[in-house]
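Below: one structure, written as structure tokens.
Just so it is clear: chains get the letters A, B, ... in the order the sequence lines come, proteins before strands, and each one is counted from 1.
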Number of protein chains: 2
Amino acid sequence: MSDAENRAIARERVIESMEQSAEVYGLSRSAGRIYGVLYFATEPLSIPELVEETGYAKSTISNVTRTLTRIGLIHRRSSEGGGRRVQYSAEREIWFILQDVLQQYVQREVQTTLRTVQRAESQLPDGEDGTEAERIAALRGTYEDLQEVITLAADLSAAELREALEEYER
Amino acid sequence: MSDAENRAIARERVIESMEQSAEVYGLSRSAGRIYGVLYFATEPLSIPELVEETGYAKSTISNVTRTLTRIGLIHRRSSEGGGRRVQYSAEREIWFILQDVLQQYVQREVQTTLRTVQRAESQLPDGEDGTEAERIAALRGTYEDLQEVITLAADLSAAELREALEEYER
DNA sequence: CCGTTTATTCGGTACACTCCGAACAAACAA
DNA sequence: TTGTTTGTTCGGAGTGTACCGAATAAACGG
């Protein structure tokens, strides 16, 4: 087998893995493949080029690139050289992406839950210690810890996070 | 408004929030509600009781309780007193649940991705430093950090995790 | 100006998922 | 045994999503 073929196989394996991961993160397989193709591209690609590389329909590429751009997984460089052609490139710092997910989605979810729980708690009769009060208070405690953990983690790099946990072990 | 009504409203709010969370975690709304009802129940509930409390069909309760049990969100106590009746109770330690998710799903996902990336890397021609090799090596690095972080975090309680990050800040 | 290339939007198809109700199976009570 | 209660399984209706192809819009080159 030639070196070029080996490279193509390795690349394809990783892209397939990205398709899989995309599904886990609630995205479509096409999103995983498009991101993967851009991840390995040496220069930004246009929509027609992505059609060529992935085999998906133009409309699919258009829709998926929009959501990927919105999430921050790829970057849109409008019009290289004044042309109409739009160029896309991948955000290759996976950790940045994960931090974004942590901040935009996980933190948001935790925050709204926490607020709901707090509002429910204040709805309860004062000084009550029934089952509801107890259970809701327990929920609030856990979510407060969670929120703090996520807020702190979102400011660290992967290496720093690793270091923080490794140091704590001792 | 009576205290009982206030309690019911607070409980309902939290359960609705759990329905929402369930969707975020890739479960159905019914799963969120069933878990919520069990979370507030003072004693284990049977399937007919869950039908009564949630309004869902018997078959829905049966299917959803199975998946919730498999994931570890609720516990199944077969036959209290030798009867056929099956009893379900909620795992109320949210952090245990999150640890399970971390270990069973996130860690698994990271591990398989890492393995795929490593295999792809070894597939590449030796001593090569083309684009593919570089990009794949970068991926592997990030995922190695990630795996380590998740492994360490899975062993800590929410409070410990919080402490670890707070100590690192200084 | 007109034809070509590029990007978005729209309608439609295929598919998966949620939930329901009915049928079935298993255990108990009489 | 027969009737009743409980739990699971199966088929189907309704819904949402992914993707495609066609129509449309927008920009450029001649």
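- The side chain to side chain donor-acceptor pair (under 3.5 Å) search around B:R162 returns A:D145, B:E166, not counting sequence neighbours.
- Between the CZ atom of B:R77 and the P atom of D:dG7 there is a distance of 15 Å, given to the nearest Å.
- Rounding to whole angstrom units, CZ of residue A:R85 and C1' of C:dT4 are separated by 12 Å.
- In terms of the side chain to side chain donor-acceptor pair (under 3.5 Å) criterion, B:R119 has no residue partners (sequence neighbours excluded).
- Across residues 20-51 of chain B, B:I47, B:P48 each have a non-hydrogen atom less than 4.0 Å from an atom of DNA chain D (numbered order).
- Residues satisfying the side-chain contact (heavy atoms from CB on, under 4.5 Å) test with A:E5, not counting sequence neighbours, are A:M1, A:S2.
- Every residue two or more places apart in sequence or in another chain was checked for a side chain to side chain donor-acceptor pair (under 3.5 Å) with B:E148, and none qualifies.
- The stretch residues 56-68 of chain A comes close to DNA chain C through A:K58, A:S59, A:S62, A:N63, A:R66, each having a heavy atom under 4.0 Å from the strand.
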Identify every side-chain donor-acceptor pair in residues 47-55 of chain B under 3.5 Å, counting partners at least two apart or on other chains, and give the distances.
from, atom 1, to, atom 2, distance (Å)
B:E49, OE1, B:S46, N, 2.7
B:E49, OE1, B:S46, OG, 3.2
B:T54, OG1, B:L50, O, 2.7
B:T54, OG1, B:Y56, N, 3.2

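- Inter-residue side-chain proximity for B:I15 and B:F40 is flagged as met; some heavy-atom pair is nearer than 4.5 Å.
- A:T67 pairs by the side chain to side chain donor-acceptor pair (under 3.5 Å) definition with nothing, not counting sequence neighbours.
- Atom C1' of nucleotide C:dA7 and atom CZ of A:R76 are separated by 8 Å, given to the nearest angstrom.
- For A:R135, there are no salt bridge (charged side-chain N to carboxylate O under 4.0 Å, His left out) partners, not counting sequence neighbours.
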Indicate every side-chain donor-acceptor pair of residues 94-105 of chain B with a distance under 3.5 Å to a residue at least two apart or in another chain.
from, atom 1, to, atom 2, distance (Å)
B:W95, NE1, B:L156, O, 2.9
B:Q99, NE2, B:A154, O, 2.9
B:Q99, NE2, B:L156, O, 2.7

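- In secondary-structure terms, DNA chain C builds stems of at least 3 consecutive Watson-Crick or G-U pairs, each pair having both distances under 3.5 Å, at C:1-30 with D:1-30.
- With sequence neighbours left out, B:E23 forms a side-chain contact (heavy atoms from CB on, under 4.5 Å) with B:R29.
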